[in-house]
Amino acid sequence: MKKFTVPRFLIAVLIGCIGFALSSCNNDGPDIPPVKLEELPGNYKGKLITIQGSTRKESVRDFKVKKTPSCLPNSPSVKL
């Protein structure tokens, strides 16, 4: 019976390379700190895309956040 040393060696190298490639993906990069509510007020700009049927309209809108309440008392989902 023949010994298949070359194919076994190539398969072992292939498995080793796959294992190395998958283990190197474990680092997702730097952690992003969470945003606090006190940091939200300011001026912002965003793109508004409106689609009606086959008509598409894009525009850039500016808006300002003045204050961020921790709860909205007039909201129907909040019962105090």
Side-chain angles (χ1 to χ4, degrees):
M1 187 168 176
K2 293 182 181 180
K3 293 188 178 185
F4 300 110
T5 56
V6 174
R8 285 185 185 176
F9 176 74
L10 291 176
I11 290 173
V13 169
L14 181 65
I15 289 173
C17 290
I18 290 173
F20 178 73
L22 292 176
S23 67
S24 66
C25 293
N26 286 338
N27 187 4
D28 292 335
D31 291 333
I32 299 173
V35 177
K36 297 178 182 175
L37 288 176
E38 294 85 22
E39 298 173 354
L40 288 179
N43 296 325
Y44 295 94
K45 190 180 285 190
K47 181 185 276 189
L48 174 66
I49 300 173
T50 306
I51 299 174
Q52 286 184 323
S54 62
T55 306
R56 179 181 174 143
K57 184 177 175 184
E58 294 184 15
S59 62
V60 177
R61 300 289 179 167
D62 296 329
F63 59 95
K64 182 175 183 178
V65 178
K66 295 180 181 177
K67 65 178 186 175
T68 54
S70 59
C71 69
L72 301 172
N74 295 332
S75 175
S77 62
V78 176
K79 302 285 183 184
L80 297 177

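Note that the numbering runs from 1 along the sequence shown for the chain. Quick caveat: nothing in here was measured; it's all calculated off a predicted structure.
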Trainee: Taking only residues two or more places apart in sequence, or in another chain, which ones meet Ser54 in a side chain to side chain contact (heavy atoms under 4.5 Å, CB included)?
Mentor: none
Trainee: Would you please name every residue forming a side chain to side chain contact (heavy atoms under 4.5 Å, CB included) with Ile15, sequence neighbours left out?
Mentor: Ile11
Trainee: Who are the side chain to side chain contact (heavy atoms under 4.5 Å, CB included) partners of Leu14, not counting sequence neighbours?
Mentor: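 Leu14 satisfies side chain to side chain contact (heavy atoms under 4.5 Å, CB included) with Ile18 only.
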Trainee: Taking only residues two or more places apart in sequence, or in another chain, which ones meet Lys64 in a side chain to side chain contact (heavy atoms under 4.5 Å, CB included)?
Mentor: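 With sequence neighbours excluded, Lys64 shows a side chain to side chain contact (heavy atoms under 4.5 Å, CB included) to Asn43, given in chain and number order.
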Trainee: Does anything in residues 43-55 form a salt bridge (charged side-chain N to carboxylate O under 4.0 Å, His left out)? List the pairs, not counting sequence neighbours.
Mentor: Lys47-Glu58
Trainee: Just grab all the ring pair (Phe, Tyr, Trp, His ring centres under 6.0 Å) pairs involving residues 35-60, residues at least two apart or on different chains.
Mentor: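 Found Tyr44-Phe63.
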Trainee: For Thr50 and Arg56: C-alpha separation, side-chain torsions, deciding distance, then whether side-chain contact (heavy atoms from CB on, under 4.5 Å) applies.
Mentor: CA-CA 6 Å; Thr50 306; Arg56 179 181 174 143; over 6 Å; no
